[in-house]
Asks: 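Let me give you the structure first, and then I'll get to my questions.
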Amino acid sequence: MSKVVNEDLGQIAVSRVDDALVGQVSGVNIQATEGEAGSDPTIRIRGTGSITGNSGPLVVVDGVVVPNDYLGSLDMNDVESFEILKDAASGAIYGSRGGNGIIQITTKSGKSGETRFSYSTLTGVKTARQSDAYYSTVAETAAAELQFTHTLSDRTRYKQLIGVDTNWQEIIFDGGIITNHSLGIRGGNDKLRFSTNLNYNHDEGVLLTDDFKKYSVKVRLDYDVTDNLTIGLSATPSYTERRRFDGSTHDILRQPSWLPVYHDENTIQFVNRVQDGGKWADVQVGDYALQYHFDGYDLDAGAPADSGGTSISNTSNTNPAAKVLERDRRDFRSKILGSFYAKYKINDDLSFKTTLSGDYQRYRQQRWQGVEANRNGASAAQLDSTNTRTQHLALDNVLSYNKTFDKHDLGIVLGASGEQYKTEFETISSQGYTDDSSRYINRDDITNEYEEEYESTLLSFFTRVNYAYSDKYLASFSFRRDGASVFGPNNKYGNFFAGSLGWNISRENFLKNSDVVNNLKFRVSYGVTGNNSFRTGNNLINNYPYLSLIDNSIASGVTGGVVTNAANPLNISNPDLKWERQVEFNPGVDFGFFGNILSGSVDYYKRTSDQLLLNNPIASTTGFTNALVNIGEVENSGVEVELRTRNVAGPKFKWTTTFITSTNKNELTDFADSNGQIQNVDSKRASEWINLEGNPISSFYGWVVERDIPLEFLNNPFHPVGGEAQDVYVKDLNGDGIIDDDDKTILGNPYPEFVWSVSNDFKISNFDFSFMFQGSHGAEIRNMGDQYIFNHFNSSQDFVTGPTGDYVLTTPNQEFIKQKIFTNDIIQDASYIALRNINLGYNFSKDVASQLKIRSARIYVSAQNIMYLTADDYTGFNPESINTTSATTYGYQRAGSPVFSTISAGLNIEF
C-alpha cells in the first residue's frame, strides 16, 4: 500500500483529482489520453490484466465504493489523503472489485473545537504543446522544390501568390483559462462534528470550443448519539457542463497552410465563380474558405479562369475551423452521492457498523452538426440527443472485534454487503434541417431512435483476521465470497482469499537500539481477486452474457415468401461463464536508515490473470464467428522502488527528495484458439496488431522499413504542402526475394518498460519550493496521424510505375514497396520526460496573519508541464494519448490530443 497525504496537491491546476496523482505513487500509471478539459485519464495499477474486462482500479471514497467517474466530481481541497492498494492481499477484502487495484480516498472531516473556515483559489493560463513536424509552410515547400528541381511549379507559384500561411495548430489549440474556488467550513463539539465544502471549477481547456464547468457541494456530519452509538451521513451533489471539441486533431490539421479560415479582401479575388457550374458564385468576404474555391486560376492572366487553369485543392472537405465552430456538442452530468452509517459499540472490543450508500446520475449528451459543418451542407445537418440514468445502491454490514492482550493484537472482521446497479439509456437522432436556427427534434424527421434498460446485482460475504505479536510478527488472512448476477447459475459465486506475513526485524533486540537501522520490515503476500466487469461493446451482453439475447432493433425475414419483421440473436448463451481471476504474489521490504534520513520500500510482484473472458472463435455454422468463454491468461510482473531522503533538516532550511520508479512486463501466456490472431482498427487504414503468446497482449505487426523512395520517382513530391510519399521500400526478412506475409514481424508494443519520478521539496524560512520530473520509457505508439497530415493516402504522391507523360523514369524494385501504414514507419517511440510540477509559495508569519485577523495564509505560483520532452522520432502532440479501441489493439493514435502546460497563481486562507 502507498499513501499520499494532500499537502500541496491542491495547488496543482487540474480539473480532476486523479490528474494530480501523476508521478506520486510507484506502480500507478496515469496517462492523459484525452486533451479535453474534464476528460478522464487512463489509470492502470501494475499493468493491464484483462482483455474483455475492465482494467481500471476500484475507487473508494470514505469507505464507500463509487463509480470511477466520481473522481471528476471531487474537490482536491476537500481530500485528506489517498491510499493506493496494489497487492492482492490488501485488495482481497473487496473481492471481485479489487482485482485491478484500489484507490482509497479520505476526505476532510470536522473536529471538535472552533469552527474553521478555509478558502482556496487559483487562476491559471493553459497552452497546448504543438508539433513542429506537423507544420509545413508554403515557403519551406517552395525552397525544397527549388533546390531539387531548380524551378517552381505553377501550383507552388499560385500558393505563394495567395499569400496565406495559416498555422492550423494556432487556430485549433487556442488555449484557455482555468479557475478554481473552494470554500471549506469545519468544526464541531463533543457530540457533533461537521464538514462542508463548496467548489466551483471552470476550465476552458486548450482546444477550440473546449469548456468545462463544475459545481459541487460536500456535506458530512458525525454525531455521537450516546457513548456507544455514533451515526453519520454525507451527501455530495455535483453538476458539470462541458462543451466538447467536436472534431479530431488529425482531420483538421491535414489542411494546407495556404488555406485561410475566412475569406478577406485579398483571398476573395481568387475564388472561381464560373467553374463547377457557378457553384461558388455567391462566396463573400467573411465566408469560410474552401480549397475548391481556389481551383482553376490563370496565372498568366492573374484571374480565375473560365476553364482549365491551375488547381491546388486536394480535398473537398469543408473548412477545418467550420468543422468545429459549426458544431455544438455538450455534455450535462448531474450526480449525487450519499451515505448514512450507524456504528454501535457493543463493548470495548466488539462493534457493529451498517452503511447504506448510493448514487444517482443523469448524463445528457447533445450534439448539433450545423449546416456549414459538413461539405454536404444542409443535407448533413443533424441533431443527436442521448440520455443515460444510472442508479447504484449498496448496503454494508460489518462486525469488528479488536483485542489487545499482553503482546498480542488481534482483529477480526465479519461482514456482508449487497449492491444493485440500474441503467436506463435512450438516444434519438433527427435530420431535415435547412438552417441553424431550430435545434430541436422533429418527430417527422427522426432517423434513429433506440432505448434499453439493464441492471446487475452483487451479493458478498467476507471475513478478515489480523494478528500481530509484539509488533514484530504480523499476519493477515481474508476470505470473500461474491455472487454476481452477470454470471450463469453454474458459476454465479466466486471465492477469493488472501494472506500476508510480515517480520518487523528492526523490533528485534539485536536491532532495536541500532543507530543505522531504524525501520526494517520484510513482508510477503499472496492473494486471489476477481473481475466481473465486461467490455464487449454491447451493454446488454455486458450485463447478461450467459443468456441468449435478442437484438431489439428491427430486422427483416422471409416466411412463406412474405417479408416480415424479425429479430436477430446477439450472442450464444453460456451458463458456465465465471469470474476472471487475478492471482498475485508480492514480496517486499520497507526500510529506514540513519534516523530515517534514507527510507523507502522495494516490491516485486507477479500477477497472473486467468479464466479471462474472451470471444473465442467458433464454427460459423452456429450463425456467429465467436462466443464468450473463460479462456486465456495474462501475466504482469515487475519491481517497484520508492526512496525518500532528508537531505537537510535545519530550523530554517529543509530539503527532501523522493525518487519513485516501477517496471512492468506484460505477457500473454495463453490465448487459446485466438493465439496469433491479427486485427485492425480501421478497415480503410488496416494497420495490423497481433496477439501472440509469449508477447504483450497487444503488439504492432507489419513490415520493416528499409529505405525511402527517392523523390525523383514520385509523381508530385511537392504537392500538397507538407506531403510525403505514402509508400516505402521494406525488408525481405526471410531472404526469398518476395515480399509477402512471411516478411511481417512484431514491430513493438504500447506498454512502458518503466516509469519514474523525482521530486524535491525545499522549505526556506517562510518560503517553500518544490518540483517534480516524471518520465516514461519503452512504450511505442502507432501514430496514424502521419498518414493524414503527411498525405500518405493521396494517390497523387504515388511512385512512378512506368514512363508516362513527363516522366521517363520507372521506379526500380517495385515489388519491395509497401504502404507506410503497414510498416514500422509510423511506429514511434512514446517515451517522454516532463517537468510535471513546479511550485513556489510563501506562508505568512503568525504575526502577520494575526494582524490580518486570520489563522494562516499562503500565496503561490505553480506550473505544470512547462517542459515536456519527447523522442526524436515522435511527430504527434502527446505520446500519452491513446485512442479508445480494445486491449488487443491498444496503442492506436491519430496525432493525439495535445499535452497542455499551465501557469497559475493561487491563495489559501484559513480563518
Side-chain angles (χ1 to χ4, degrees), residues 49-55 58 65 92 94-100 390-395 416-425 452-462 479-497 528-552 567-583 608-634 670-674 886-888:
S50 183
I51 295 176
T52 306
N54 178 26
S55 290
L58 179 73
V65 175
Y94 291 99
S96 63
R97 299 169 297 178
N100 299 307
T390 59
Q391 174 184 302
H392 171 221
L393 292 174
L395 178 63
S417 67
E419 295 186 63
Q420 180 188 60
Y421 296 85
K422 287 186 177 181
T423 301
E424 298 175 359
F425 172 85
E452 63 186 17
E453 297 181 16
Y454 43 90
E455 66 177 88
S456 62
T457 56
L458 183 70
L459 181 63
S460 306
F461 305 92
F462 53 89
F479 174 80
R480 183 173 178 121
R481 181 171 172 82
D482 284 332
S485 63
V486 297
F487 297 113
N490 297 346
N491 291 293
K492 192 171 292 292
Y493 283 87
N495 299 316
F496 308 101
F497 61 90
V528 180
T529 54
N531 191 354
N532 66 327
S533 180
F534 294 79
R535 294 292 186 272
T536 64
N538 185 291
N539 288 325
L540 292 177
I541 298 177
N542 291 344
N543 287 274
Y544 311 101
Y546 67 96
L547 296 175
S548 181
L549 303 172
I550 301 297
D551 191 347
N552 63 358
N568 291 322
L570 280 175
N571 63 327
I572 292 179
S573 64
N574 184 354
D576 294 322
L577 285 179
K578 56 186 175 182
W579 299 79
E580 288 191 344
R581 187 177 65 166
Q582 287 85 33
V583 180
T608 301
S609 304
D610 61 11
Q611 302 176 178
L612 297 182
L613 293 157
L614 301 178
N615 281 308
N616 201 48
I618 60 174
S620 58
T621 54
T622 62
F624 296 89
T625 57
N626 54 58
L628 197 62
V629 295
N630 287 97
I631 294 179
E633 185 178 280
V634 173
D670 181 9
F671 209 37
D673 295 333
S674 295
S886 70
T888 53

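Just so it is clear, the model here is predicted, and its values are computed rather than measured.
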Asks: For side-chain contact (heavy atoms from CB on, under 4.5 Å), just list the numbers for Thr423 and Asn539, CA-CA rounded to whole Å, side-chain angles, deciding distance to a tenth of an Å, and then say yes or no.
Replies: CA-CA 10 Å; Thr423 301; Asn539 288 325; over 6 Å; no
Asks: If the plane angle is over 60° it's perpendicular, under 30° parallel, otherwise tilted; pick one for Trp579 and Phe487.
Replies: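 Because their plane-to-plane angle lies in the 30° to 60° range, the rings of Trp579 and Phe487 count as tilted.
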Asks: For Val629 versus Leu577, what's the shortest heavy-atom pair and its separation?
Replies: CA-CD2, 3.8 Å
Asks: Measure from the side-chain N and O atoms of Asn574 to the backbone N and O of Leu628, and report whether any donor-acceptor pair falls under 3.5 Å.
Replies: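 Between the backbone of Leu628 and the side chain of Asn574 there is a qualifying donor-acceptor contact (under 3.5 Å).
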Asks: Which heavy atom in Val528 sits nearest to a heavy atom in Arg581, and how many Å separate them?
Replies: CG1-CG, 3.4 Å
Asks: Taking atom OH of Tyr454 and atom OG1 of Thr390, what is their separation to the nearest 0.5 Å?
Replies: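 Answer for the OH-OG1 pair, Tyr454 versus Thr390, is 8.5 Å.
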Asks: Mind listing the closest non-hydrogen atom pair of Ala394 and Glu419 along with its distance?
Replies: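 Nearest heavy atoms, Ala394 then Glu419: CB-CG, 3.7 Å.
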Asks: What is the distance from atom CG of Asn490 to atom OH of Tyr546, rounded to the nearest 0.5 Å?
Replies: 11.0 Å
Asks: Rounded to the nearest 0.5 Å, what separation is found between the CD atom of Glu452 and the CZ atom of Phe425?
Replies: 6.0 Å
Asks: Is there a donor-acceptor contact under 3.5 Å from the side chain of Tyr544 to the main chain of Ser456?
Replies: no
Asks: Taking Gln611 for the side chain and Asn630 for the main chain, is one N or O donor matched with an acceptor at less than 3.5 Å?
Replies: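 Looks like no, no N/O pair under 3.5 Å.
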Asks: Checking Asp482 side chain against Ser460 main chain: does a donor-acceptor pair fall under 3.5 Å?
Replies: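 No, because the side chain of Asp482 does not come within donor-acceptor range (under 3.5 Å) of the backbone of Ser460.
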Asks: May I ask you to decide if Leu549's main-chain N or O and Asn571's side chain share a donor-acceptor pair within less than 3.5 Å?
Replies: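 Yes: the side chain of Asn571 pairs with the backbone of Leu549.
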Asks: Quick one: CD on Gln420 to CD on Gln391, what's the gap to the nearest 0.5 Å?
Replies: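 Output value for this atom pair is 6.5 Å.
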Asks: Which pair of heavy atoms, one from Ser548 and one from Ser573, lies closest together, and at what distance?
Replies: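 Answer, listing the atom of Ser548 first, then Ser573: N-CB, 3.5 Å.
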Asks: Mind checking the NZ-CG spacing from Lys422 to Asn543? Nearest 0.5 Å is all I need.
Replies: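 The CG atom of Asn543 is 13.0 Å from NZ of Lys422, to the nearest 0.5 Å.
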Asks: Might you point out which heavy atoms bring Leu613 and Lys578 nearest each other, and give the distance in Å?
Replies: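 Shortest heavy-atom separation between Leu613 and Lys578 comes out as CD2-O, 3.8 Å.
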Asks: Checking Phe479 against Asn495 for the side-chain contact (heavy atoms from CB on, under 4.5 Å) test, could you report, in this order, the C-alpha distance in whole Å, the side-chain angles of both residues, the deciding distance, and whether it holds?
Replies: CA-CA 7 Å; Phe479 174 80; Asn495 299 316; 3.7 Å; yes
Asks: Testing the basics here: between Leu458 and Ala484, what is the closest heavy-atom pair and its distance to 0.1 Å?
Replies: CD1-CB, 4.0 Å
Asks: How long is the span from the CZ atom in Phe497 to the CZ atom in Arg480, to the nearest 0.5 Å?
Replies: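 It comes to 15.5 Å.
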Asks: Val634 versus Leu612: any side-chain heavy-atom pair under 4.5 Å?
Replies: yes
